[in-house]
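The sequence lines fix the lettering, A, B, ..., with proteins before strands; numbering per chain opens at 1. These numbers come from the heavy atoms of this one structure, side chains and all, not from hydrogens, waters or symmetry mates.
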There are 2 protein chains.
Amino acid sequence: MAQDISVDGGRLLSRLDRFAAIGATPRGGVNRQALTSGDREARALLASLGRERGFALRQDAAANLFLRREGANASLPPLLLGSHLDTQPTGGRFDGALGILAGLEVLETLEDAGVSTPRAVELVAWTNEEGSRFAPGAMGSRAFADETLPESWLEARAPDGARLGDELAQTLRALPDVPLAPLGARVASYLELHIEQGPILEREGLPIGVVSGIQGTRWLEVTLEGASAHAGTTPLAFRRDPMMAATAALAALQADVMPRDSDARLTVGRIKAEPGSINAIPERVRFTLDLRHPSQERLDEMDALVRTVCEREAERARCGLHVRLLNDMAPSAFPEAMLALAEAACTKAGLANRRIVSGAFHDALFLARKAPALMLFTPCRDGISHNEAEHVEPRFCVSGATALLETTLAVLCSLEG
Amino acid sequence: MAQDISVDGGRLLSRLDRFAAIGATPRGGVNRQALTSGDREARALLASLGRERGFALRQDAAANLFLRREGANASLPPLLLGSHLDTQPTGGRFDGALGILAGLEVLETLEDAGVSTPRAVELVAWTNEEGSRFAPGAMGSRAFADETLPESWLEARAPDGARLGDELAQTLRALPDVPLAPLGARVASYLELHIEQGPILEREGLPIGVVSGIQGTRWLEVTLEGASAHAGTTPLAFRRDPMMAATAALAALQADVMPRDSDARLTVGRIKAEPGSINAIPERVRFTLDLRHPSQERLDEMDALVRTVCEREAERARCGLHVRLLNDMAPSAFPEAMLALAEAACTKAGLANRRIVSGAFHDALFLARKAPALMLFTPCRDGISHNEAEHVEPRFCVSGATALLETTLAVLCSLEG
């Protein structure tokens, strides 16, 4: 393998623009939620770019899409690069797409230079990382790691009423020339470049973060059941108002959890009152909680606190309570050997770096169950993500792709060592 | 006029069943929201029942539907009976429908007995009393009283996206044989029977409430604007979370307004977070407040308190705030002379009664601007309304219709006196 090769920054940046146009929003962001027509269009573009370079294509039952640049020994498990093409409903241009296009840039740079790698290098676009349209998130990478797609996921419904199983089938049919492969396969190692989605690298002026681990995430759906009644005629003593219970519980949790523990995250992203009539006490209020913490023990405590507070307020309002666990991802750490490899490769390429804990979960969390995995972060402006204003400086996109290329080469070497 | 006539209870009860079948829900309630196909079907049934008895039909630009039983002098303004056929999304069988069908029963009883009244007696089904699909409520009676249909109402959108102007036009076209009359007309007097929607008459074992007045109602829509950001990576100090502001404000208001003043009502029936992603801090949270009080002064104070508390919490969460007034109905009282007439008529018919303040607004509130108006209440089980479990005992339906007939006759007499 030659090591004196470098990525084509102009190509990478123009590809980022091209993908950002798919699902572009008027405010400069992207709405390309999982398994929508926009997501299918982005997959089709990635497939056609891969096909143009002669990379072998395949997809699996979770609609994960693979591009394979063959290596000297086709029977060795590949080094896998990946990220995701789906976005939040009001998402940005870089969350996911940067990792995919930097990975494609690595494959193309190897191809341009005619480098023969000892084993295949593959790029994968994981399905539904965001989880904003269908829970749980990181669905594709999780299914790949577990080598199964749970039946219960297929029945998941989007807020727009669409059924996951139907959307998956339609997405697969949208690429009729791409063969279907079994879910899961041996992987030698997994690398993912992603934007930090937080303020640390930018604040410290560093182009690269070497991700040491990912904080744990738990999603709960809380349903409070009361009794619908007339807003004007029902005195307080006769009310069983689930909205009173919901707002009291949430106000108490918001005032307690994050102010008391700066590592804790508690977010209510979705709430609905039924039947949703202005002049009727709701019968039912349902909301989600996104809980995160680097410590498993604290995450368990936060979960328990949510249940205790909701029980207390449900009882006070004489409402029923049901708490459903939608998603549970334990905190994790990447292997020290991988961290050291990446640090050395980046430093050798002149890219200043530091170790960093990821506040978001990522597909790499699940790939780490199958193979030594690693993530690299680029800075993003003001730490803003999951927002149309999300921005990564062009030079940081290019340095991110460079770090991914150098780490790819280093990992390929170490695998043969 | 003969006064020894009585309503046909069996006919009334079977009609209640027949209308309850239109939009019937699996749990025994009715979903027949304003200007939906179910509402049109109920209007068509009422029109056909009126046509069978030879009553003259007409509708107006607000889709109010009138049935007229002619009197001796066709040039005198009619005595008008009315209520509404639309329901809440998970509404009951009696709210509105009982008043319409008791009014029809009065017209038919007069017809059965061949009673000649000095002036016409009319029945009207007002459009969109509930206001749950399109704000404001009591739209038809308000347009009739004001003799205009504001342009802005026509642009109102239902949660399902339908435009009011389109739905109105389609509803009018659904009764092509019913002529269109101008909005508003002279009315000699207005009477409405309705279910109490509260617990008082049932608790006191009284079949009839003579409504002395209606508490004031104000609907506010509060919008909090923050910044969408990643749930996992955004520390508390970086958050501008409108959900934090919304829940803090609502919890504070819920804990203060009703516990401190037993006449006050504060209800949050609708709330939405956008974009509505589990793992993103919402950009925007919007909710409605339904405020009620018999005193105008206290209603103003409640309105001011809502704004103050929302401003405080918006500022604390660094969010923008916009409060929109959706509906404003001042408290009102019915004329003493009408109350006395109704009390005497009910008592003479052996129907024990008491005066009562209405917690709900009603179409009668707007008709009171045009003519001496009056409402009668029947008890309902456990005070439950705006709920599929809403129930009125058959004997109270019949006694309500009897009270409406007796009051009709008494008012007709007094108008000629």
**Student:** Tell me, for B/E283 versus chain A, whether the close heavy atoms (under 4.5 Å) come from the side chain, the backbone, both or neither.
**Tutor:** side chain
**Student:** Identify the two heavy atoms, one from B/A360 and one from A/T233, that lie closest to each other, and give their separation to 0.1 Å.
**Tutor:** N-CG2, 3.5 Å
**Student:** Just verifying a value: how many Å separate A/L236 CG and B/Q254 CD, rounded to the nearest 0.5 Å?
**Tutor:**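 Nearest 0.5 Å value for the CG-CD distance: 8.5 Å.
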**Student:** Pick from B/P282, B/G131, B/A231: which one has the most heavy-atom pairs with chain A under 4.5 Å?
**Tutor:**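 So the answer, after comparing B/P282, B/G131, B/A231, is B/A231.
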**Student:** Give the C-alpha distance, both sets of side-chain angles, the deciding distance and a yes or no for side chain to side chain contact (heavy atoms under 4.5 Å, CB included) between B/L326 and A/I278.
**Tutor:** CA-CA 10 Å; B/L326 295 183; A/I278 296 178; 3.8 Å; yes
**Student:** Is B/F238 close to chain A through its backbone or its side chain, or both, or neither, when contacts mean heavy atoms under 4.5 Å?
**Tutor:**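 Answer is side chain: those atoms of B/F238 sit under 4.5 Å from chain A.
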**Student:** Could you measure the distance from the CG atom of B/D382 to the OG1 atom of A/T234? Nearest 0.5 Å is fine.
**Tutor:**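 Taking CG in B/D382 and OG1 in A/T234, the distance rounds to 11.5 Å.
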**Student:** If you count heavy atoms of other groups shown closer than 6.0 angstrom to CZ of A/R318, is the number above 12?
**Tutor:**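 Enclosed.
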**Student:** Does a sphere of radius 6.0 Å around CZ in B/R157 hold more than 12 heavy atoms from other residues, nucleotides or ligands, not counting ones at 6.0 Å or beyond?
**Tutor:** yes
**Student:** Under the side chain to side chain contact (heavy atoms under 4.5 Å, CB included) rule, what do B/R265 and A/R239 come out as? Steps first, then yes or no, please.
**Tutor:** CA-CA 11 Å; B/R265 304 281 179 269; A/R239 292 185 177 222; 3.6 Å; yes
**Student:** Name the option with the most non-hydrogen atom pairs under 4.5 Å to chain A; the candidates are B/E388, B/E390, B/R270.
**Tutor:**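 With the most close heavy-atom pairs to chain A, the winner is B/R270.
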**Student:** Working to the nearest 0.5 angstrom, can you tell me the gap between A/H230 NE2 and B/Q88 CD?
**Tutor:** 7.0 Å
**Student:** With a 4.5 Å cut-off on heavy-atom pairs, point out which of B/P275, B/G198, B/A273, B/G276 contacts chain A the most.
**Tutor:** B/G276
**Student:** Quick check for you: among B/A248, B/P235, B/G383, which has the greatest number of heavy-atom pairs under 4.5 Å with chain A?
**Tutor:**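 The residue among B/A248, B/P235, B/G383 with the greatest pair count is B/P235.
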**Student:** Please flag which part of A/P159 lies under 4.5 Å from any non-hydrogen atom of chain B: side chain, backbone, both or neither.
**Tutor:** neither
**Student:** With respect to chain B, which residue among A/A252, A/S262, A/P199, A/A255 yields the maximal number of heavy-atom pairs within a distance under 4.5 Å?
**Tutor:** A/P199
**Student:** If only atom types and distance count, is the side chain of A/T267 paired as donor or acceptor with the main-chain N or O of B/G232 below 3.5 Å?
**Tutor:** no
**Student:** Using modelled atom types only, decide if a donor and an acceptor are shared between the side chain of A/N279 and the backbone of B/S132 within a distance under 3.5 Å.
**Tutor:**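 No: the side chain of A/N279 does not pair with the backbone of B/S132.
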**Student:** Could you state the interatomic distance from CZ (A/R284) to OG1 (B/T90), rounded to the nearest 0.5 Å?
**Tutor:**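 Answer for the CZ-OG1 pair, A/R284 versus B/T90, is 9.0 Å.
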**Student:** Examine whether an atom of B/Q215 lies under 4.5 Å from a heavy atom of chain A, and if so say whether it belongs to the side chain, the backbone or both; otherwise answer neither.
**Tutor:**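 Answer is side chain: those atoms of B/Q215 sit under 4.5 Å from chain A.
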**Student:** What part of B/T288 lies closer than 4.5 angstrom to a heavy atom of chain A: side chain, backbone, both or neither?
**Tutor:**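 Only the side chain of B/T288 comes within 4.5 Å of chain A.
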**Student:** Is there a donor-acceptor contact under 3.5 Å from the side chain of A/S228 to the main chain of B/H386?
**Tutor:** yes
**Student:** Hey, could you give me the CD1/CE distance between B/I271 and A/M243, rounded to the nearest 0.5 Å?
**Tutor:** 5.0 Å
